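Predicted model only: the values in this text are computed from it and were never measured.
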Amino acid sequence: GRHLFEVLLTLPFFLPPVLTAMAWGMLGNPQVGSINLLWQAATGSTAPLVDIYGRAGVVWHMCQYAIPFLFLILVDAFKAMDPSLEESAQMSGASFASILMKVTLPLAWPGILAAGIYIFTIGFAAFDVPAIIGWSNRIFTFSTYLALQLAPTEALPRYGTAAALSVVFIGFAGAELLGLIAFVVAGAREVAWDGAGETKSPMQAMVDAMLGAADTSVTLAIGLMSG
């Protein structure tokens, strides 16, 4: 059962997001979607049950696309953990909640952080699903709003705004990368020194690196927009 579940979770890798977005459009269309037609026939209601062309629809489909990536990253992180640490904590009388918060999550934190950064990045840059599902109701994500600035329907292209937004995205992507590197390096130093001397915690090092990169990107973006 578990192995079948793991195989089924990888199916979205073989299905283009455009295809699944169009399929959900046929199922969740508020006027002619199959789900709403069945709901109206069964209940006699004239109101649709779901409306895929809204914020909830965009979030729903993007979560469907992101969950397999999240699972594959996290399952390796949890498999790499040493179970003897949890067993030792349990034998010492620690509760399940205490083991989870003080042993399991700290051990899996690098994998959770990496998964979060990856999911945030692909979600931030996704274009096809937000364009198919959200554009008709003027629900924009970063990528679709950027496309609108480059090819507006009622005005001239705003290349300066598009460039500034792009610099912000590059800056935050760099901030994520620098933060993850700083977290890993600080964690390795902390383990190697074993408390010898006063050092920054991995989280403090990550925050410092991310704030520095984000500040640089925002400064560049303001310069581009004012220029």
Any chance you could measure L27, atom CG, to L38, atom CG, to the nearest 0.5 Å? 9.5 Å
Go through the steps for T161 and L165 under the test side-chain contact (heavy atoms from CB on, under 4.5 Å), then give the verdict. CA-CA 6 Å; T161 303; L165 291 173; 4.1 Å; yes
In terms of heavy-atom contacts, R158 and P152 come closest through NH1-CB, 4.1 Å
Partners of W39 by ring pair (Phe, Tyr, Trp, His ring centres under 6.0 Å), sequence neighbours excluded? none
Mind listing the side-chain donor-acceptor pairs of residues 44-60 below 3.5 Å, one per line with the distance, residues two or more places apart or on another chain?
residue	atom	partner	partner atom	Å
S45	OG	A47	N	3.1
D51	OD1	Y53	N	3.1

Within one Ile-Leu-Val-Met-Phe-Trp-Tyr cluster: Y145 and F124, side-chain cutoff 4.5 Å: yes
How close do T141 and A126 get, counting heavy atoms only, and between which atoms? OG1-O, 3.9 Å
Atom pairs and distances, donor-acceptor, side-chain atoms in residues 17-24, under 3.5 Å, two or more places apart:
residue	atom	partner	partner atom	Å
T20	OG1	P17	O	3.0
T20	OG1	H61	NE2	2.7
W24	NE1	Q64	OE1	2.9

With sequence neighbours excluded, what pairs up with F96 under the ring pair (Phe, Tyr, Trp, His ring centres under 6.0 Å) test? none
Can you list the residues that meet the ring pair (Phe, Tyr, Trp, His ring centres under 6.0 Å) rule with F69, with sequence neighbours excluded? F13, Y65, Y118
Heavy atoms only: give me the nearest I119-A66 pair and the separation to one decimal. CD1-O, 3.4 Å
Counting only pairs under 3.5 Å, give me each side-chain donor-acceptor contact of residues 99-106, with atom names and distances, residues two or more places apart or in other chains.
residue	atom	partner	partner atom	Å
T104	OG1	E86	OE2	2.4

Minimal heavy-atom distance between S143 and A125, with the atoms involved, is CB-O, 3.8 Å
